[in-house]
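Here the structure is laid out as structure tokens; the discussion comes afterwards.
Computed over heavy atoms, backbone and side chain alike; hydrogens, waters and symmetry mates excluded. Numbers for residues simply follow the sequence, beginning at 1.
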Amino acid sequence: IEFVAQGIARTLEPASATKFECRRSEGDRPELRLSWSEFSAADARNLRVEIVARLDGGDPSGRWELAVTKPRGHVLAQVHFPRLPGLSKQPNEFLAVPAWTGELLANPRGALTTSDGQGRRITWDYPGRLSLQCMALYQHNGPGLYLACDDAGALRKSFAVQGEGSDGIGLEISHLPENGARDMERYALSYGVVIGVFRGNWVTAAERYRAWGTRQPWARESRLRQGA
């Protein structure tokens, strides 16, 4: 989390919290609740981060929600959630990103590692270069990781891929709270982050996003659907 308090910019990592809690509940919709609080920085002592993860029925994905409780006046510049570092390497690997009409990067680990072994980072903004709120890292016609947001309001965010050096790679989403949530004591994402697995290629990932998109008002009430 990147925030500003009394004109001073701070960055908080999970390791900055001195208290961590994990609770699991069963039932029709099992969920996992995680929280970080009592951060070591003096101006972050009253800050609390909560995450709720739920499985989506028989679908091989989970929906993750995030909320930040903070003093009124603290400005949330960016919330990086989730960060998925150290993803396992697979043969014949591709990164699919819906930038404009779509980009497909073969051997993304090599492309994101400099000649001296350092990692490179690529970021795509939404709304902006990204036409959809998703990305996928996968082995061609094999297992893959799908990352998306079910945000029907098209709020500002960015998707990123981070080279970690030595062939490492990670995926990330950064959320940009409106007006820095400065007048709020509790900021919560109004949408969920979807993390799932699949088997296939970029078409498989696009079909998963389409299944969500076609249920949204812009698709249900489109001129095409209404025959206009």
Side-chain angles (χ1 to χ4, degrees), residues 1-5 8-22 32-41 43-54 61-71 74-87 95 97-99 108-109 112 118-130 132-137 145-151 153-165 168-182 184 186-196:
I1 292 176
E2 297 178 30
F3 76 99
V4 179
I8 300 175
R10 302 274 192 190
T11 299
L12 294 181
E13 302 280 352
S16 306
T18 60
K19 183 177 181 180
F20 170 72
E21 296 177 280
C22 176
L32 184 67
R33 290 184 173 268
L34 311 173
S35 67
W36 293 259
S37 58
E38 299 180 11
F39 288 87
S40 54
D43 47 12
R45 296 277 168 79
N46 295 324
L47 193 144
R48 178 183 175 88
V49 179
E50 301 169 86
I51 292 174
V52 179
R54 298 184 179 90
S61 63
R63 188 175 190 272
W64 297 68
E65 302 169 357
L66 175 140
V68 179
T69 303
K70 65 175 185 63
H74 278 34
V75 176
L76 294 179
Q78 287 195 73
V79 178
H80 303 278
F81 168 75
R83 271 184 170 171
L84 306 175
L87 297 175
L95 175 71
V97 181
R109 297 171 190 268
L112 293 166
Q118 300 299 308
R120 295 176 56 229
R121 179 183 178 90
I122 305 176
T123 301
W124 299 269
D125 292 333
Y126 181 91
R129 286 186 62 200
L130 284 186
L132 307 175
Q133 303 173 68
C134 63
M135 66 192 314
L137 178 69
L145 178 65
Y146 173 81
L147 186 60
C149 291
D150 58 7
D151 174 18
L155 296 175
R156 292 175 61 217
K157 61 184 68 67
S158 63
F159 285 68
V161 58
Q162 175 70 55
E164 299 169 343
I169 198 171
L171 303 181
E172 177 184 313
I173 302 177
S174 297
H175 311 270
L176 304 169
E178 187 174 1
N179 297 321
R182 67 176 69 240
M184 298 179 178
R186 187 176 188 274
Y187 165 76
L189 292 179
S190 58
Y191 51 88
V193 172
V194 178
I195 305 174

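A pairwise comparison of heavy atoms in Phe39 and Ala44 identifies CB-O, 3.5 Å as the closest pair. Across all non-hydrogen atoms, the minimal contact from Arg45 to Ser40 is NH2-O, 3.1 Å. Nearest approach of Leu155 to Pro127, heavy atoms of both residues: O-CD, 4.1 Å. The minimum heavy-atom distance between Lys70 and Ala181, with the atom names listed, is NZ-O, 2.8 Å. Annotation for Ala77 and Leu176: closest pair O-CD2, 3.6 Å, computed over non-hydrogen atoms. Pairing each heavy atom of Leu130 with each of Ala99, the nearest pair is CD2-N, 3.9 Å.
At a threshold of 4.5 Å between non-hydrogen side-chain atoms, the residues Glu21 and Arg48 count as touching. Counting heavy atoms from C-beta on, the side chains of Cys134 and Val194 never come closer than 4.5 Å. Side-chain contact between Ile169 and Pro108: present, with at least one pair of heavy atoms (C-beta onward) separated by less than 4.5 Å.
Residues His74 and Tyr187 place their aromatic rings such that the two centres sit no closer than 6.0 Å.
Under the ring pair (Phe, Tyr, Trp, His ring centres under 6.0 Å) criterion, Trp36 pairs with Phe20, not counting sequence neighbours. Every residue meeting the salt bridge (Lys or Arg N to Asp or Glu O under 4.0 Å) condition with Arg129, not counting sequence neighbours, appears here in chain and number order: Glu103.
Note: Cys149 SG to Met135 CE = 11.0 Å, rounded to the nearest 0.5 Å. We find the CZ-CG distance between Arg63 and Asp150 to be 4.0 Å, quoted to the nearest 0.5 Å. Considering CD of Glu2 and CZ of Arg10, their distance stands at 13.5 Å, rounded to 0.5 Å. For the atom pair CD of Gln118 and CD of Glu164, the computed distance is 12.5 Å after rounding to the nearest 0.5 Å. Between the NZ atom of Lys157 and the CD atom of Gln78 there is a distance of 13.0 Å, given to the nearest 0.5 Å. Distance CG/Leu87 to CD/Gln162: 11.5 Å, rounded to 0.5 Å.
Paired with Glu50 under the rule side-chain contact (heavy atoms from CB on, under 4.5 Å), one option of Leu66, Val68, Thr69, Leu34 passes, and it is Thr69. Of the candidates Tyr191, Phe159, Tyr126, Tyr191 is the only one forming a ring pair (Phe, Tyr, Trp, His ring centres under 6.0 Å) with His175.
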Can you give the donor-acceptor pairs under 3.5 Å from side chains of residues 12-19 to other protein atoms, not counting sequence neighbours?
{"residue": "Ser16", "atom": "OG", "partner": "Glu13", "partner atom": "N", "Å": "3.2"}
{"residue": "Ser16", "atom": "OG", "partner": "Glu13", "partner atom": "O", "Å": "3.2"}
{"residue": "Thr18", "atom": "OG1", "partner": "Glu38", "partner atom": "O", "Å": "2.5"}

Check against side chain to side chain contact (heavy atoms under 4.5 Å, CB included), Asp151 and Leu189
CA-CA 9 Å; Asp151 174 18; Leu189 292 179; over 6 Å; no
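The environment of CZ in Arg121 is crowded: more than 12 heavy-atom neighbours from other residues, nucleotides or ligands sit within 6.0 Å. The number of heavy atoms from other shown groups lying within 6.0 Å of CZ (Arg182) does not exceed 12. More than 12 heavy-atom neighbours from other residues, nucleotides or ligands sit within 6.0 angstrom of CH2 on Trp124.
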